[in-house]
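A short worksheet on the structure shown next.
Reminder, nothing fancy here: chain letters follow the sequence lines and each chain counts from 1.
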Amino acid sequence: MKLSRDFYNRPTLDVARDLIGKVLVHHRRGVRTSGVIVEVEAYIGESDPACHAAPGPTKRNKPLYGPPGFAYVYLNYGIHWLVNAVTEAEGSPAAVLIRALEPLDGIETMRRRRKRRVSDHDLCRGPGNLTIAMGIGQAQNGEDLCGRRLYIEDRGLPQPEEISWGTRIGITVGTEREWRAFVRSHPSVSGRRPRQSAVARLRRS
DNA sequence: AGCAAGATTAGC
DNA sequence: CTAATCTTGCTA
């Protein structure tokens, strides 16, 4: 079932938590790609120095101030497109950054879009990688997530048992807020992979 | 008009 | 550890 506008029209940390285990879907050129969300980050309001709304309303962050349930897509480091789901009521700038997916549909298409040859678990590992695999870019900025091309749905998958919270990745300000949610020890979660324990290594050898 | 920095990634 | 790459927002 496709998530409704009401789903996004809630406190951002609640939306972030509930997005874990939901499925991001994109239809493009008749091809459907999708994946289970396993990692997200919340960016909340002008008082959050890491949020793009920190400088107040600008041309770029306009979607953040708009109604909930729309996509905010922007170019990062001049190279990577990152996709967010806008949350909270219109005029309240906040969003959830989608950082990693476990691929479900269209894996062959994803593999073609990614130039590198990687394992399935790495196809949508990292916010810049998943937009490439899903075919999401500038054209999807402002797209209605309650429409038919780009949306998030509940497929009734069991809510992952171990949702961990930690500090957000790759920012230099607002690092004290633990607004990153992820499925613990899931292979598609970005960031440095936790060092294998001595026992795990022995077991593998 | 010029400039510094950025919600990343891959390669050395 | 660092280059790649370009838009935004700030300063002049």
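Judged purely by atom type and a 3.5 angstrom limit, A:His121 has no side-chain atom pairing as donor or acceptor with the backbone of A:Pro187. In this structure a side-chain-to-backbone donor-acceptor pair under 3.5 Å is present from A:Asn129 to A:Arg125. Counting only distance, with no hydrogens or angles, the side chain of A:Arg5 and the backbone of A:Gly69 share a donor-acceptor pair below 3.5 Å.
With sequence neighbours excluded, the residues forming a salt bridge (Lys or Arg N to Asp or Glu O under 4.0 Å) with A:Arg111 are A:Asp120, listed by chain and number. A search for salt bridge (Lys or Arg N to Asp or Glu O under 4.0 Å) contacts involving A:Arg113 returns nothing, not counting sequence neighbours.
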With a 3.5 Å cut-off and sequence neighbours excluded, list the donor-acceptor pairs that the side chains of residues 82-96 of chain A form with protein atoms.
residue, atom, partner, partner atom, Å
A:Asn84, ND2, A:Tyr72, O, 3.2
A:Thr87, OG1, A:Thr12, OG1, 2.7
A:Thr87, OG1, A:Ala94, O, 3.4
A:Glu88, OE1, A:Ser92, OG, 2.9
A:Glu88, OE2, A:Thr12, N, 3.1
A:Glu88, OE2, A:Thr12, OG1, 2.6

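Under the 4.5 Å side-chain heavy-atom criterion for ILVMFWY residues, a single connected hydrophobic cluster contains both A:Ile98 and A:Leu123.
A 4.0 Å heavy-atom criterion places the boundary nucleotides of DNA chain C facing chain A at C:dA4 to C:dC10, written 5' to 3'.
Annotation: cation-pi pair A:Arg10/A:Phe7 present, NZ/CZ under 6.0 Å from the ring centroid and within 45° of its normal.
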For DNA chain B, just give me the dot-bracket, please: Watson-Crick or G-U, both distances below 3.5 Å, ( ) intra-strand, [ ] crossing earlier pairs, | paired with another strand, . unpaired. ||||||.||||.
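Remark: of the listed residues A:Arg99, A:Arg17, A:Arg168, A:Arg99 is the sole one forming a salt bridge (charged side-chain N to carboxylate O under 4.0 Å, His left out) with A:Glu41.
A salt bridge is defined here as a Lys NZ or Arg NE, NH1 or NH2 lying under 4.0 Å from an Asp or Glu carboxylate O, and A:Arg32 with A:Glu153 meets this definition.
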Which nucleotides of nucleotides 4-12 of chain B have their base under 4.0 Å from a protein heavy atom (B), which only their sugar-phosphate (S), and which neither (-), written as one string 5' to 3'? --BBBSSS-
